[in-house]
J.: 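Attaching a single structure in structure tokens format; questions to follow.
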Amino acid sequence: MALRIGSHPNHLSLFILHHRGVLETALAPWGGVIWTNNLHGSESAAWLAEGRLDVVGTGSTLPLLAQESGLDVAYLAASPDHTANCALLALKDGERKSTQDLRGARIAVMKGTFADRFLARLLVQHGLTLDDITLIDLNGSDAARALREGRVDLWAAIDPWLSAAQDAKKIRCLTQADGVIRHRSLVWCRESWLHQSAQQAEILLNVLTENDRWIASHSQQAAELIHRHQPGSLSVTRWQSAIRARPWGMHRITPQLLAEQQLQADDLLAARFIRQPLTTDFVRRDEGVIF
């Protein structure tokens, strides 16, 4: 049966893999690949739960939210830590001067991304919860515009929009994510699918590893591919800068990653992003292979 996998521009490894077309050949003996496109990854958990997809790629927060809702989450692969591509931004002449000014703030964020994790850690550090702020779900340039127009007080910005925003003279960075959290992009699925499709999962992992090596050594081609398949998005130059600025290399899940996920689950609970304690000490072994 064909592998059904989600693709969106906020998970660059999968987005580029989709448009390179190399996974289809590798999985041809198993029925090939069916890609499903969406604007960003927030729908991923629902589509897994509904049986529309087998594998998705998102930040590290969404699988925990899915697990809380009862989904049998299993992790397949993780990127290197790339927390530097998120920061909390404010207007230089605005009222919010530091992270001490979070209470009551209207914060633009791409909900379901690791920016949730970033904000949860900041709230916990300052003795606050989600009840003390207002999150407004905005993507990329819409969030930048809302900050400039005063419709939000702060913006939890991620790359590539972060790099562009930090060049603006009126924007101030209150704190960088790499001083607060660790973050990785994840590829994940349902445990029930992984149990039934171990061979497809293994092939996918091998192709993901090769794909990230290709991206790292072909930044110009990768940037052109993204720009071509996102009409009206950032320039090729901006995309290439974002690609060069982040580490590449999808890896199998390790105990360290699961420990990071557990810490994040604890922060999300303390900040009231979730309401039930979660345990992430599960990893599946099939024929001696750790997924």
Side-chain angles (χ1 to χ4, degrees), residues 2-24 26-27 30 32-38 40-49 51-67 71-82 85 112-114 117 158 182-216 222 226 246-258 260-261 264 280 282-286 289-291:
L3 170 66
R4 301 169 303 168
I5 186 167
S7 169
H8 59 89
N10 295 323
H11 195 292
L12 291 181
S13 288
L14 285 180
F15 188 79
I16 293 170
L17 178 61
H18 175 194
H19 294 292
R20 286 186 66 210
V22 297
L23 184 60
E24 289 77 357
L27 284 174
W30 286 267
V33 181
I34 299 173
W35 290 96
T36 297
N37 298 306
N38 53 315
H40 52 86
S42 59
E43 304 99 332
S44 299
W47 290 2
L48 274 180
R52 297 172 58 183
L53 293 175
D54 302 314
V55 174
V56 298
T58 68
S60 59
T61 301
L62 194 59
L64 294 173
L65 301 180
Q67 185 184 346
L71 200 66
D72 55 327
V73 170
Y75 298 103
L76 290 173
S79 74
D81 180 22
H82 50 79
N85 69 347
T113 69
F114 76 100
R117 158 71 166 127
I158 64 176
R182 298 178 66 85
H183 166 68
R184 307 175 193 274
S185 296
L186 302 180
V187 177
W188 50 288
C189 61
R190 298 188 66 161
E191 189 174 5
S192 54
W193 177 85
L194 180 56
H195 180 70
Q196 297 168 0
S197 309
Q199 286 184 306
Q200 285 177 296
E202 178 69 13
I203 292 169
L204 173 61
L205 286 170
N206 291 335
V207 174
L208 280 169
T209 300
E210 182 280 328
N211 183 63
D212 266 34
R213 283 198 296 262
W214 182 89
I215 296 170
I226 298 169
R246 71 185 279 180
W248 294 92
M250 297 299 291
H251 303 289
R252 296 174 187 272
I253 299 304
T254 64
Q256 178 186 356
L257 182 279
L258 294 175
E260 291 173 9
Q261 287 296 93
Q264 179 176 179
T280 63
F282 54 88
V283 61
R284 200 162 179 86
R285 292 172 174 83
D286 289 278
V289 178
I290 298 179
F291 291 104

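Basis for what follows: all heavy atoms, side chains included, without hydrogens, waters or symmetry-related copies.
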J.: Quick one: do Glu210 and Arg20 make a salt bridge, cutoff under 4.0 Å?
T.: yes

J.: Determine whether the side chains of Gln256 and Glu260 contain a donor N or O and an acceptor N or O closer than 3.5 Å.
T.: yes

J.: Can you measure from CD (Gln67) to OG1 (Thr280) and round to the nearest 0.5 angstrom?
T.: 7.0 Å

J.: For His19 together with Phe15, are the ring centres under 6.0 Å from each other?
T.: yes

J.: Taking the side chain as C-beta and beyond, is there a heavy-atom pair between His18 and Ile5 under 4.5 Å?
T.: no

J.: To the nearest 0.5 Å, tell me how far Ser197 OG sits from Ile203 CD1.
T.: 11.0 Å

J.: Enter the distance from Leu53:CG to Ile34:CD1 here, rounded to the nearest 0.5 Å.
T.: 10.0 Å

J.: Glu24: what forms a salt bridge (Lys or Arg N to Asp or Glu O under 4.0 Å) with it, not counting sequence neighbours?
T.: none

J.: What distance do Glu202 atom CD and Arg252 atom CZ have between them, rounded to the nearest 0.5 Å?
T.: 4.0 Å

J.: Between Leu17 and Trp35, does the side-chain contact (heavy atoms from CB on, under 4.5 Å) criterion hold? Intermediate values first, please.
T.: CA-CA 10 Å; Leu17 178 61; Trp35 290 96; 4.2 Å; yes

J.: Between Val56 and Trp47, is a side-chain contact (heavy atoms from CB on, under 4.5 Å) present by the stated rule, with each step listed?
T.: CA-CA 9 Å; Val56 298; Trp47 290 2; 5.8 Å; no

J.: Consider side chain to side chain contact (heavy atoms under 4.5 Å, CB included). Of Val33, Asp54, Val55, which one does Leu204 pass it with?
T.: Val55

J.: For the CG atom of Leu12 and the OG atom of Ser185, what is their distance to the nearest 0.5 Å?
T.: 7.5 Å

J.: Evaluate the side-chain proximity of Leu3 to Trp30: yes if any heavy-atom separation is below 4.5 Å, no if none is.
T.: no

J.: Quiz question: by atom type and distance under 3.5 Å, do the side chains of Gln261 and Gln264 form a donor-acceptor pair?
T.: yes

J.: Just how far is it from atom CG of Leu71 to atom OG of Ser192, taken to the nearest 0.5 Å?
T.: 8.0 Å

J.: Any side-chain to backbone donor/acceptor pair from His251 onto Gly249? Under 3.5 Å, distance only.
T.: yes

